[in-house]
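All values below were derived from every heavy atom in this structure, side-chain atoms included, with hydrogens, water molecules and symmetry-related copies excluded. The shown structure was predicted, so the numbers you read here are calculated from the model rather than taken from an experiment. Chain identifiers are assigned alphabetically (A, B, ...) following the order of the sequence lines, protein sequences preceding nucleic acid strands; residue numbering begins at 1 within each chain.
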Amino acid sequence: MSDQKRLFLVDAYALIFRGYYAFIKNPRINSKGLDTSAIMGFMNSLLDVIKRERPDHLAVCFDKGGSADRVEMFEAYKANRDETPEGIKTAIPHICEILKAMHIPIMVKDGYEADDVIGTLSRQAEKEGYKTYMVTPDKDFAQLVTENIFIYRPVFGGGYETWGIEEVKKKFEVENPLQVIDFLGMMGDSSDNIPGLPGVGEKTAKKLLAEYGSMENLLANTHELKGKMKEKIEGAKELGLLSKKLATIMLDVPVTFHAKDFELDQPDLPKVTEIFQELEFRQLLANFEKTFAVEATSSETTSASNTTELKATPKETASAGAGQFSLFGGDISTSKETETISEFTRKTAETTSHFYQSVASGMATKLFIKNLMNQTSVCFDTETTDINPLVAELVGIAFSWEVGKGFYLPFPENKEEAQELIEQLRPFFENESIQKIGQNLKYDIKVLAKYHVEVKGKLFDTMLAHYLINPDMRHNMDVLAETYLNYTPISIENLIGKKGKNQLSMRDVPLEKQTEYAVEDADITLQLKEHFEKELGEANTQKLFDDIEIPLLRVLAAMELEGINLDEKFLNSLSEQLENDIKDLETKIYAEAGETFNIASPKQLGDILFDKLKLVDKPKKTKTGQYATSEDILSYLAKDHAIIQHILDFRGLSKLKSTYVDALPTQVEPSTGRVHTDYMQTVAATGRLSSNNPNLQNIPIRTERGRQVRKAFIPRSEDYILLAADYSQIELRIIAALSKEETMINAFKNGEDIHASTASKVFNVPIEEVTREQRSNAKTVNFGIIYGVSAFGLSNQTDLSRSESKELIDTYYATYPKLRNYMSELVDFARDNGYVQTVLGRRRYLNDINSRNAVVRGAAERNAVNAPIQGSAADIIKIAMINIYEKLQTGNFKTKMLLQVHDELVFDVYKPELETIKTLVKTEMENAYKLEVPLDVELGIGNDWLEAH
DNA sequence: TGGCGCTCCTA
DNA sequence: GTAGGAGCGCCAA
C-alpha cells in the first residue's frame, strides 16, 4: 500500500440496485414481511470493500431529487426510468440508519445526482493529494478517471477491478477518459435516457470517435459522412450537443471534502447490532463483527479456516461452519443459504450429522486404499480444475460407501506426484468386482482416462437412473438431492464463485472446504443410488438401465475422448470465400434498400422491408409485434423483389460462416488437435442423444454450399478412411412393423422405394409411373405420419390446398388402415396409462394427454405417436453402438467409432480393416433389434464426411 | 452479464 | 406436425 491517502466514494444507489437484483429470484423477506434484499446486498458490498481495501477515508453518496439542471435541459431525461422498486424505497432509511451507526458520512445534495457529487469530491480530494476510488458498477464514471482517480468496479462472481486511465482507454477505445463523454453522447444511454445520435450504437460511436475525436468535431464535419447516416446526423446536431451535455458529470456541486469527516473510524457496534437484529441479519452481523474485530486488533490474524495439514477432521453437526464460509467473499450466497434453512427446514451439511474426512498422504493413504479395496460397492466423485475433462486436472477424489460418511483424497498439483497417487488407486478403479457409483460417470471416466486409468466393474450412474425414472425432470445433483432427499448440498458457487473470469479453481479452495463439498457429493450420490435402485425395479426400466444406458456410457466416453480430425485450412479458405460473397451481397442490399443497416437484425430488416420499401400491404407480425422475416415468409416475396433473394442468400451464408465455418476451428481441442463433442445422454425426452460443444448432429447437408462443411471432417491420417453407416428409413420401418401394416411391411421386404410405393398406392398408379411430384407428396405424408399429421401442416409443407391435403391423408389412411389403428391405439394407451413406450420399454410420460385444452391435448397426442417411433429408433441404434464398440474392443481393431447422428454412425477406419469393418458394422446395425421389417443400412466411404455419404 | 426471441441447421 | 443446439440481436430492471 502506498503512503498516499486513499478515499473511497461509494455510489449508493448503483450498489443498492445491484444488491437488490442479485436477490431478485429469491428475495429476502424477514419474518416481519420486510424485503431486505437491497439492504443485505448493499451491506455485503460495503463490508466487502472495507475488508478488502481497508480505506482510511470513505463516504457514501446518494442522489436527491434528481438533477434539476438536466431535467431543464431535456424534459425526457430519466423520465421513462421505471419507478424505483418498492423493495429499494423501503431499504433506503434502513441503510442510512446503518451508515450513521457505522459513522460513515452520507453525502447528498438536493438537486444533484450521486455522479455529480462523487465527481466534485474526487476532484477536490485530488487537489489535496488523495487517490480516489469511485465504488460503482456504472461505466459513465469512466470520464472522471485521472492519474489519481479510479473506478473500483464490482465484477460478476465477486471481486473488483480497478479502472485507471489505461483501462478506460482500452475499454472505450478512446485517447483520453474525457472522450467517454463524447462516446456516451453519441451512443446514448437508454437507462439514463440520453438520446444519443440516431442510428448510432456502440460500434458506430467508436468508429466516429476514432475519426473525429469529439462530438463537436463530428458535427462540424458531417459533410464527410455518407448516405443515410449523413442525413440522420445532420438532422440531429442539436440533439447531439444536448446528449453530450446530459452525459457530462458535473464537477461544481456545492459540496466540500473535509478530510477529517471522511475518516473511517470504529462503528457504534451496539447500535449496529441492534439494527441487524431487528432486520434479522444473523449472518451479516457475524461477518460485520469479524470485519471490524480484525480492524481493531492487528492484521496478523490468521484465517480460522486454515486447516491443520491433512489432518482428519471429523465433524458432527458442524455449527462453526457458517461463520467460516463468510470470512472471504461469497457472503451473499452463504448468508442466503443459511437463511434458507430457517425458511424451509431443508437439511444441509450444517444440520445433518456426518463424518467427512480428508486423507493425509503417506501411510494414511495406504491404509485408506486397503480399506477401499475391501468394499463391494463404492460411490466416488472426482474434483478437478475444469469442466472440460480433456484439460481437467485432478484436485481430489471423494469416496463414500456408507451413508453420512466418506473420505476425500486430495491430489498434488505436481503431475508426476498426481500420477503416482492415481497409480495407488488403479487397483480399485480397475477392479471388476467392486461396483462404482457416481453422478454423471461419463465425466469421471473421461478424466481418469486422461490418467490412463480405466474404470472397470459394474456401474451405477444416478443421473442416468433418474433419466429413465423421470425423463422430463432435470437431473443435476442439487435438484435430485432436494427432491428425493430433502437436502440442499453446498453449492459449487459458494466455493469457487459464480462463473466468469473471477471464478476460482477448485485448487484454490481450502482443503477443509474441498472435503466438505466433495464428500458431501459422494455421500448424496450414494443415498440417491439407494433411492433410485428401488424405483428402477419397475417394468423394463432396470433392463434399459443395465443393458443400454450404462454400457452406452462407456461407449460415448470413448467416442468423445477420440474426437474427430478437422481440416482447419480448408475451413479457413471456405471462410474467406464466404466473407467475400457476404460483402458483395451486403453492398447490393444496401444499394437496394437505399441505406445501411444491420441485416442480421430481424427488427431492423423488418422495418426496412415493410415500413420503408413497403413490399407488402399487410405484413405478418411475430408475437412480440415485430415484422416476421423468417425464411418461409421471405421466400414468397423473393420472385418479386431482388432484395429478398439477396437477403435470403446473405442469411444463409452468414449462418454458415458464423455457426460452422468459423466456429468449428475454435472448438478444436489444442491438446489433441481434434474436435470432441459432448453427447448428452439425459436431455432428449424420447431417448435420443444430443450433441454439443460443438453440436455435430446438425452439420449442413441439404444445400450445396452448406454441405461443403462436411469436407472438413477427415480421417486421422492417410492410413485411415471415413465410413458412414446410415439406417435407411428406420422410423418408417418401425411404424410399419409396430402397426403390422402388411402393405408397408411388404414394400420394405421387397426393397421398394417406400415413398414411390406409397405414391403408387395412394394415387393409384403403377409404381413405375409415379411422378416426381407424387413421390414428393407421398414422402411428405410419410414423414408427417411420424410427426402426427394434420391437414393444415401438410398443406403448409406442400403445394396442396387444405382440402387436397385432407383428401390425401384420408386416402393414405385408407391405404394403410392398420397404421391408423395403431396410431389411435397409442393415443388410447397414453390416455389410460399416462405414458407411451418404446420397443425396449423406455417411457415418455404425457401429462397433457387428457387436457381439456384442445391445443395442448393435440400436442400430447402427437407426442404419443412420435415418441415410441423416434424413441425406438434411438433404442436400436444404441444397441448397435454398444455391440459394435464391444466387437471393436475385443477384436483389437484400430478402427474407432467417432460420431452418432441419430440414424447414422461415423467411423475412422484403419484401411487394412476396411472390409471386415464394413461387414461388422452393417451386420451389427441391421441385427441390433429384430422387427417384422428388415432393417437396412447403407454404407459409404470417403476421405471426408461428405464423400462418405 | 444473462435471458429471451428469432432464425436456421440436423434427423 | 416430432426431437434437438447455436448464433445473433436486443433489452434488461
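Between A:Arg710 and A:Glu947 there is no salt bridge, since no side-chain nitrogen of the basic residue lies less than 4.0 Å from a carboxylate oxygen of the acidic one. With respect to the salt-bridge test (charged N to carboxylate O, under 4.0 angstrom), the residues A:Lys442 and A:Asp678 qualify.
At whole-Å resolution of the value, NZ in A:Lys806 and C1' in C:dG1 are 16 Å apart. Distance A:Asp875 CG to C:dA3 C1': 14 Å, rounded to the nearest Å. The CG atom of A:Leu664 sits 11 Å away from the C1' atom of C:dA6 (whole-angstrom rounding). If you take CE of A:Met187 and C1' of C:dC10, they are 13 Å apart, rounded to a whole angstrom. The CG atom of A:Leu696 sits 14 Å away from the C1' atom of C:dG4 (whole-angstrom rounding). Taking atom CG of A:Leu846 as the reference point, atom P of C:dT2 lies 12 Å away to the nearest angstrom. Straight-line distance from the CG atom of A:Leu689 to the C1' atom of C:dT2: 17 Å, rounded to whole Å. For the pair A:Lys603 NZ and C:dG9 C1', the interatomic distance rounds to 10 Å; values are reported in whole Å.
Aromatic ring orientation, A:Tyr812 versus A:Tyr816: perpendicular (interplanar angle above 60°, classes split at 30° and 60°).
Within 4.0 Å (heavy atoms only), A:Gln604 reaches sugar-phosphate atoms of the nucleic acid but no base atom. Here A:Ser795 lies out of heavy-atom contact (under 4.0 Å) with every strand. A:Ala685 comes within 4.0 angstrom of the backbone, heavy atoms only, and of no base. As judged by a 4.0 angstrom heavy-atom cut-off over every strand, A:Arg707 is placed among residues making no nucleic acid contact. Within the nucleic acid shown, A:Val683 comes within 4.0 Å of sugar-phosphate atoms alone, with no base atom in reach, counting heavy atoms only.
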Under a 4.0 Å heavy-atom criterion, the protein footprint on nucleotides 6-11 of chain B, written with B, S and -, is SSBBSB

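Heavy-atom contacts from other residues, nucleotides or ligands closer than 6.0 Å to CG of A:Asp632 number more than 12.
Partners of A:Phe17 according to the ring-ring contact (aromatic ring centres under 6.0 Å, His included) rule, which considers only residues two or more places apart in sequence or in another chain, do not exist here.
Taking 4.0 angstrom as the limit, A:Asn693 places none of its side-chain polar atoms (N or O) nearer than this to OP1 or OP2 of C:dG5. For C:dG1, neither phosphate oxygen OP1 nor OP2 lies less than 4.0 angstrom from any side-chain nitrogen or oxygen of A:Asn863. For C:dA6, the OP1/OP2 oxygens have no side-chain nitrogen or oxygen of A:Thr659 closer than 4.0 Å.
Checked against the 6.0 Å centroid criterion, the rings of A:Phe829 and A:Tyr835 qualify as a close aromatic pair.
Rounded to the nearest 0.5 angstrom, A:Ser872 OG and A:Gln837 CD are separated by 9.5 Å.
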